[in-house]
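Encoded as structure tokens, the structure appears first; notes follow it.
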2 protein chains.
Amino acid sequence: MAKDVPVNAVKISLELVDLLRELDGAGVSEVAKRLDKPTSTIHDHLRTLEQQEYLVKEGDTYYVSTRFLQLGAHARSRQKVFKIARPEINELAQVTGEHANLMIEEHGVGVFLYRSRGPDAVRLDTHSGMRVPLQTTALGKSIMANRPREEVERILDRHGLEAVTDRSITDREELFDVLEEVRERGYSYDDEERVKGMRCVAAPILNEDDYAIAAVSVSGPKSRMREERFTEELPNQILKSANVIEVNLTYS
Amino acid sequence: MAKDVPVNAVKISLELVDLLRELDGAGVSEVAKRLDKPTSTIHDHLRTLEQQEYLVKEGDTYYVSTRFLQLGAHARSRQKVFKIARPEINELAQVTGEHANLMIEEHGVGVFLYRSRGPDAVRLDTHSGMRVPLQTTALGKSIMANRPREEVERILDRHGLEAVTDRSITDREELFDVLEEVRERGYSYDDEERVKGMRCVAAPILNEDDYAIAAVSVSGPKSRMREERFTEELPNQILKSANVIEVNLTYS
DNA sequence: ATCGACTTCCGGCCATAGCGGAAAGACATT
DNA sequence: AATGTCTTTCCGCTATGGCCGGAAGTCGAT
């Protein structure tokens, strides 16, 4: 096994924490089985993380601690686009009645920074901090469409084009064609490419150099996302919100 | 130096992350100076954390990444008291106009799980995930007052009684006297013990064994927190909310 | 009582974390 | 341009401590 990271012990602990999140808590032996390491090694790591207060132990089960809440809140509030976009996203959710979202790109994946539920919003699995492949959301496509092609290539080299539903885009050239359209049109669609039955409209937030730093969207059930509402009304509302955010970003 | 944790490398990385949060981003040499380690060592750790996507690098500065947002959101939603209390806290903020808060204890410190700003709420530094010494808030006192004395002793042994303002309680016996009163009265006060000019009223959330699992509070400026509102109206509203939460917790 | 499945502890080996030193850049200042 | 002072980054050695096998506890079930 080639040495891939400078400090392997840290890598193990981080994988361990993320596993505990996925499993929603686990004991020593279960973690050891999943990571294919001896229980004694895992035990050492769990103890360390617990002593440093990054995990909590209840009985023989370890859980992710709220220490991460503090770090996460900091990471989010550090993004100036977050605090400027938040009121606009709330507004968007209210007037459309649906979900409204804010996404940024980080390490080549899409991160939901914030979401607001409108009065008619359906139940949905998206939550703050959720990470998804960029090409599977209208948000991600709006971002990629307004980045240099070579940067998008690098992201694809790193993450590939994993399909999430049977409608996901999986061909690289097809994706670039779509991105071209999106850039010209100014906003993007997602038609059940990530979640069955859901459609989505998104627009990018651009900086002074027309480089996408984020995207905003509205998403809802297919039944309500159609005809003029889908092709005219929602795009206009979203473009207006995106524009307000862009303006507020430059003058702040 | 005695070996204090099983995996020292992990400890270094975790301290590093927390330092980056405090500093709101930093370069290699600044971190190295603060942690009193060689730059080469710090460099190894920063690279590892960045490769694992727990940090982001912008130019020569490393920042905490939104990876923590996902972990934090999980850690919070894991607490059933959070999702049950949230609507009640929002309600409390609306009817009182002030800040309303939810706190739990973790590793012997108070953690703000959620807060809601009412229409008249003043600017305040509290935020989700914030960690404070228990004895410096009405919330913390409500929790400690409804825990076995030996458990409180253990917490104090570990964390001491650090003063935050000149009104903070610093004497152990004095604290236990206060806690005794709080338990009998059913709710607790904070009169500028953490933040100058702010007062706070809190009530515990108890489980079936009368063991405090959390606390709710309302906090506001001294000028509005006085006379009957402070001694009657707010305590009653908070006790009512706490009771609703307790009931919803048992039947769910 | 005996088992089984877990967590925890212990002690040793050798991979590797941590470090010093040097190289490669960045950025002023002269 | 050239020099000096900051960085960050790289490289390779060495002693240490991370990792592991195995044993000892712990708990519940049968």
Side-chain angles (χ1 to χ4, degrees), chain A residues 1-65 78 106-107 154 158, chain B residues 1-65 78 106-107 154 158:
Chain A
M1 178 154 60
K3 136 173 154 182
D4 45 358
V5 290
V7 189
N8 199 53
V10 170
K11 184 181 174 185
I12 294 173
S13 269
L14 294 178
E15 286 173 347
L16 201 160
V17 169
D18 210 48
L19 181 63
L20 284 183
R21 179 187 59 78
E22 278 174 34
L23 298 178
D24 193 17
V28 178
S29 57
E30 179 163 15
V31 174
K33 203 171 296 170
R34 298 255 184 177
L35 295 184
D36 196 28
K37 304 262 182 208
T39 56
S40 45
T41 300
I42 297 302
H43 184 252
D44 283 348
H45 281 265
L46 286 170
R47 268 177 81 82
T48 303
L49 288 163
E50 202 250 339
Q51 277 181 45
Q52 298 299 305
E53 305 185 3
Y54 283 80
L55 299 181
V56 290
K57 188 182 178 183
E58 293 173 12
D60 279 339
T61 309
Y62 293 86
Y63 297 94
V64 175
S65 105
R78 196 179 74 72
E106 194 177 88
H107 287 291
R154 272 202 306 277
R158 185 167 173 190
Chain B
M1 177 154 62
K3 135 172 152 180
D4 45 358
V5 289
V7 189
N8 198 53
V10 170
K11 184 181 175 186
I12 294 174
S13 268
L14 294 177
E15 285 173 350
L16 202 160
V17 168
D18 212 48
L19 180 63
L20 285 183
R21 179 187 60 78
E22 277 175 34
L23 298 178
D24 193 16
V28 178
S29 57
E30 179 163 14
V31 174
K33 204 172 294 172
R34 299 255 182 177
L35 295 183
D36 197 28
K37 305 263 181 206
T39 56
S40 47
T41 300
I42 297 302
H43 184 252
D44 283 347
H45 281 265
L46 286 170
R47 269 177 78 83
T48 303
L49 288 163
E50 201 250 341
Q51 278 182 42
Q52 298 299 303
E53 305 185 2
Y54 283 82
L55 299 181
V56 289
K57 187 181 177 182
E58 293 174 12
D60 280 338
T61 309
Y62 293 84
Y63 297 93
V64 175
S65 105
R78 196 178 73 72
E106 193 177 88
H107 286 292
R154 272 202 307 277
R158 184 167 174 190

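Side-chain atoms are counted along with the backbone in the values below, which use heavy atoms only and exclude waters and symmetry mates. Below, chains carry the letters A, B, ... as their sequence lines are ordered, and counting in each starts from 1.
- Screening residues 39-51 of chain B for side chain to side chain donor-acceptor pair (under 3.5 Å) gives Ser13(B)-His45(B) as the qualifying pairs, with residues at least two apart or on separate chains.
- Side-chain contact between Leu46(B) and Leu20(B): present, with at least one pair of heavy atoms (C-beta onward) separated by less than 4.5 Å.
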Candidate pair Arg78(B) and Glu106(B), rule salt bridge (Lys or Arg N to Asp or Glu O under 4.0 Å), full reasoning = CA-CA 14 Å; Arg78(B) 196 178 73 72; Glu106(B) 193 177 88; 5.8 Å; no
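- Within the 4.0 Å cut-off from OP1 or OP2 of dT9(D), at least one side-chain nitrogen or oxygen of His43(B) is found.
- Note that the two end axes of the helix from dA1(C)-dT30(D) to dT30(C)-dA1(D) enclose an angle of 40°, each drawn from 5 base pairs, rounded to 10 degrees.
- Atom CG in Leu46(B) sits about 9 Å away from atom P in dT8(D), given to the nearest Å.
- A close approach under 4.0 Å does occur between a side-chain nitrogen or oxygen of Arg47(B) and OP1 or OP2 of dC10(D).
- dT7(D) atom C1' lies 10 Å from atom NZ of Lys33(B), rounded to whole Å.
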For nucleotides 22-28 of chain C, list the nitrogen or oxygen atoms of the protein found under 3.5 Å from its nitrogen or oxygen atoms, one pair per line.
none

Enumerate the protein-to-nucleotides 25-30 of chain D contacts in which both atoms are nitrogen or oxygen and the separation is below 3.5 Å.
none

Please write out the pairs of protein N or O atoms and N or O atoms of nucleotides 13-20 of chain C separated by less than 3.5 Å, giving the distance to one decimal.
residue, atom, partner, partner atom, Å
dA17(C), OP1, Asn8(A), N, 3.4
dA17(C), OP2, Pro6(A), O, 2.5
dA17(C), OP2, Asn8(A), N, 3.4
dG18(C), OP2, His45(B), NE2, 2.6
dC19(C), OP2, Thr41(B), OG1, 2.5
dG20(C), N7, Ser40(B), OG, 3.3
dG20(C), O6, Ser40(B), OG, 3.2

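- Here the CG-NZ distance, from Leu49(B) to Lys57(B), works out to 13.0 Å after rounding to the nearest 0.5 Å.
- The residue Lys57(A) sits close only to the backbone: its heavy atoms come under 4.0 Å of sugar-phosphate atoms, none of a base.
- Contacts between residues 17-29 of chain A and DNA chain C, defined by a heavy-atom separation under 4.0 Å, are made by Gly27(A), Val28(A), Ser29(A).
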